[in-house]
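To find a chain, count down the sequence lines: A is the first, B the second, and so on, and within it residues start at 1.
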Amino acid sequence: MTRKVYDVIVIGTGAGGGMAIKTLCDAGLKVCALNAGRRLDPAKDFRNHRMPYEMKYRGFGDPRKRSLSYGYMDNEYVEGVWEHEITYTTGPGTEWMWPRCYAVGGKTNFWGRSSARFSDIDFKAATLDGFDTDWPVTYQEIEPYYGRVERMIGVASTVQNRPSNPDGVYLPAFKFRCLDHILESGAAKVGVPYLPDRIAQLTKDHEGHPACHYCGNCTEGCDTGSFFSTPWFFLPNAEKSGNLELRTNALAKNILVDGRGQARGVAYIDRRTRKEVEVHGRAVVVAASCVESTRIMLNSKSRHWPNGIANSSGQLGKNLCDHLYGNAARGFLPQLLGQPSFPDNVSSSTIAWMPRWQNLTNPKEEKFIRGYSVYPGGGCGGFPWYHGDIEGFGSAFKREIKRRYPTPVSFTIQAPTLRSEDNYVDIDPEVKDAYGIPVIRVHFRWHQNTMLMWDHAKHVCAEVLKAAGGEYTGAAEQPEPPGFSLHETGTCRMGADPRTSVTNKFGQTHDVSNLYVCDASVFSNCTDKTTTLSIMAFTLRSCEHLVEGLRGRLNKTKED
Amino acid sequence: MAGQGMERRDVLKMLATASIASQFSGFSRWSFGWQHPAHNLSQIKAAKYAPRFFTPAEYAIVERLADLIIPSDGTPGAGEAGVSEFIDFMVWSDPTLQYSFRSGLTWLDAHSRSRHGSNWVGLDPARQAEILTALAYSAHYRPAEEEGRRFFRLFRDYTVMGFYTSQIGLEQLDYPGLKVYSESPACPHQDDPEHRRLKEPGA
């Protein structure tokens, strides 16, 4: 029996993998996709329309399992999709809180949906401020891909004419709530922007997907598919085309190479049989998410690649960056005291944003370089989390909780880190997972530049709140721990120089021409913007490059 | 990850454990607190709840504390929502909470005896409230009551948690989520963006 050889093996089905699958299948290529977790049926698996009291554990999950949990997202609304069996370790002094969704679609099932384009202020950051290196691309090059992705997934926003945040192709924006108008006036007085976010959530029917119904529980997964996720938007068509074979519970172990060190397939563990299986293809796309892709590549050692595949530069696993998240300010808007409940938690907190305003005209205006963004939010949520800021007990306390229900606001900072020698991942030499695969080990801490942004944001957000007439009640003592944002980047960074980078500007590894990396690990630096939209734009471009390459090779073979 | 509801995130941090099991046998008010519309509550006769963790004497304090923190005062309170059952189940489920709750209740009784010569539930309502007032309001703080203040804050957190995850509590807030809206809800006060002219109802 001849061995089946697919055109492309894709590892992962999230933002990168899903986009790769769509692009390759649309081009008529035969794709085998490996997904480490189970298939997910949004209609059955998502319980976002349940009240807390309709679930056995009020939405929080079985207390006996909570000690295994990696964080707040791992709750009863979406049981059995967060990974517990495959572990990771941390280096000395590293705190890394890292919930991972291995179910089909990955983090796109629950992502925050904020979708800002990167710009030349990001791609050419090193030229502007002298730190590190530029990306090997310009905004002009990547701009058409952003537009195509925005049309595919549907992004709601407005044209804002800010060169640091290029405008795109948008559905009508979410409307501002009472709290937005009030905070907007405060921001105007302080002189910082307060604008509709770019949010991948459908404000009208789009490409066969129904408009949002604004129920507000998006983070537990959408049961109508009204925001982009690969199981709702990409995978069904790819499977219908007959070009996709999706293998679930297929935990990628390593990339197989041929006698020349080129990729010839992937070895994975079938988690149901616990047996190792090999699948073969003419090319491999690694899109397992930043750190997971790096684990697979570092574990792919061979005669050709003794330090991991495509790692002749030694950069594989280095340059780990992350977004610092934290509550930079919180308080109340007394203007709204006692007002009737209003559905202003319609999309959690990303209706509005305060896009980077620091270091725009002069890259060294602030004590830190680069910049951060802020997501304001608040209003009538599912739980009165502000109760800790109200003293007392009894009828007055109860009345005050109700009276303040429309008034709470908070500001979440999203601040990038700079690359640093001591922030990286490697393979733990001693620990293996339940299937005998060596686990990834994370070494990470916040550095001064990012902490200066945190301090800056606490100051500015308090000013905005006070200028809006709000009552400031404090900020988080500490930012969230590293890993929390799930925005890790950089461990397979792209670059023009094969000595200092893992891939070229098409996500194609310098060393192995038929191995592509399609996730945020290729990002050359960390920006103030979220990762998903850019993962997809770069993946679209990389996979079209791969399609061209395979066609070229195919034609060449025919000519021979 | 922008867009994670801050409230759920904070709630989970506070709890770090699961809450109530609706199918859990032995509940009386708690379980039917959501199975029946709130206006029918008065018609339902509660079975006697047998606490899982607290002793009967401790549980009497738990019930009274929850009632005082979120009272029934024209609208249903912690009693109707079965919050004391919720707290008992929570503490029973989570060994890391047990010492704090048990020692806090012990502190409250010892403190009441030393001030007024009786355990706390044995005091008249005014004295019960006086003890709590010193723990709950910074203007009334007394020295050497730090342990009590810590316990009160913990107990209040769980009372709030139990109450506002119940149907009764969410209805009291008029929680507007998990409904279907035909368009992106917009501020209804377009002529007053700073909301300066908005009057507080009943103020």
_Heavy-atom contact with chain A under 4.5 Å, split by part of B:His189_ = side chain

*Taking B:Ser184 for the side chain and A:Lys175 for the main chain, is one N or O donor matched with an acceptor at less than 3.5 Å?*
yes

*B:Glu194 and A:Lys189 ion-paired at < 4.0 Å*: yes

*For chain A, which residues from residues 147-155 of chain B have at least one heavy atom closer than 4.5 Å to it?*
B:Phe152, B:Arg153

*Do B:Leu198 and A:Gln335 touch side chain to side chain, with heavy atoms closer than 4.5 Å?*
no

*Gap separating the CZ atom of A:Phe393 from the CG atom of B:Leu68, nearest 0.5 angstrom*: 6.5 Å

*Where is the tightest heavy-atom contact between B:Glu200 and A:Leu337, given as atom of each residue plus distance?*
CG-O, 3.2 Å

*Distance in Å, A:Tyr405 OH paired with B:Tyr164 OH, rounded so as to fall on 0.5 Å steps*: 10.5 Å

*Pairwise side-chain contact, A:His387 with B:Asp157, heavy-atom cut-off 4.5 Å (strictly under)*: yes

_Can you tell me which portion of A:Cys178 sits under 4.5 Å from chain B's heavy atoms? Options are side chain, backbone, both or neither._
both

*So which part of A:Ile390 gets closer than 4.5 Å to some heavy atom of chain B, the side chain, the backbone, both or neither?*
backbone

*With side chain to side chain contact (heavy atoms under 4.5 Å, CB included) as the test, would you mind laying out the steps for B:Ile70 and A:Ile401 before giving the verdict?*
CA-CA 10 Å; B:Ile70 302 184; A:Ile401 285 182; 5.5 Å; no

*Please state whether the side chain, the backbone, both or neither of A:Arg403 comes within less than 4.5 Å of a heavy atom of chain B.*
side chain

*What is the distance from atom OH of B:Tyr181 to atom SG of A:Cys215, rounded to the nearest 0.5 Å?*
9.5 Å

*If only atom types and distance count, is the side chain of A:Ser395 paired as donor or acceptor with the main-chain N or O of B:Pro71 below 3.5 Å?*
no

*Hey, which of B:Glu183, B:Gln190, B:Lys179 has the most heavy atom pairs under 4.5 Å with chain A?*
B:Glu183

*Proximal component of A:Tyr214, with respect to chain B [non-hydrogen, under 4.5 Å]*: both

*Taking all heavy atoms of A:His181 and all of B:Pro193, pick out the closest pair and write down the distance.*
CB-O, 3.2 Å

*Determine yes or no for a side-chain-to-main-chain donor-acceptor pair under 3.5 angstrom, with B:Arg156 supplying the side chain and A:Gly392 the backbone.*
yes

*Considering all heavy atoms of both residues, which atom of B:Ala186 and which atom of A:Phe342 are nearest to each other, and what is their separation?*
O-CZ, 3.1 Å

*Before giving the answer on side chain to side chain donor-acceptor pair (under 3.5 Å), spell out for A:Lys398 and B:Thr75 the whole-Å C-alpha distance, their side-chain angles and the decisive distance to 0.1 Å.*
CA-CA 10 Å; A:Lys398 186 180 168 193; B:Thr75 56; 2.9 Å; yes

*Contact origin within B:Arg197 toward chain A - heavy atom pairs under 4.5 Å*: neither

*Spell out, as yes or no, whether a donor-acceptor pair under 3.5 Å connects the side chain of A:Gln339 to the backbone of B:Lys199.*
yes

*asked:* Restricting to non-hydrogen atoms, name the atom on A:Phe397 and the atom on B:Ile69 that form the minimum distance, rounded to 0.1 Å.
replied: CD2-O, 3.8 Å

*When only pairs under 4.5 Å are counted, which of A:Pro408, A:Gly394, A:Gly379, A:Cys380 shares the most heavy-atom pairs with chain B?*
A:Gly394

*asked:* More than 12 heavy atoms of other residues, nucleotides or ligands under 6.0 Å from CZ of B:Arg196: yes or no?
replied: no

*asked:* Which one wins on heavy-atom pair count under 4.5 Å against chain A: B:Gly169, B:Ser182, B:Ser138?
replied: B:Ser138

*Run the side chain to side chain contact (heavy atoms under 4.5 Å, CB included) check on A:Phe383 and B:Val160 step by step: do they pass?*
CA-CA 9 Å; A:Phe383 185 78; B:Val160 168; 3.8 Å; yes

*Are A:Pro384 and B:Leu173 side-chain neighbours, meaning at least one heavy-atom pair lies under 4.5 Å?*
yes

*Return the option, out of B:Thr159, B:Leu135, B:Leu170, with the maximum number of heavy-atom pairs under 4.5 Å with chain A.*
B:Leu170

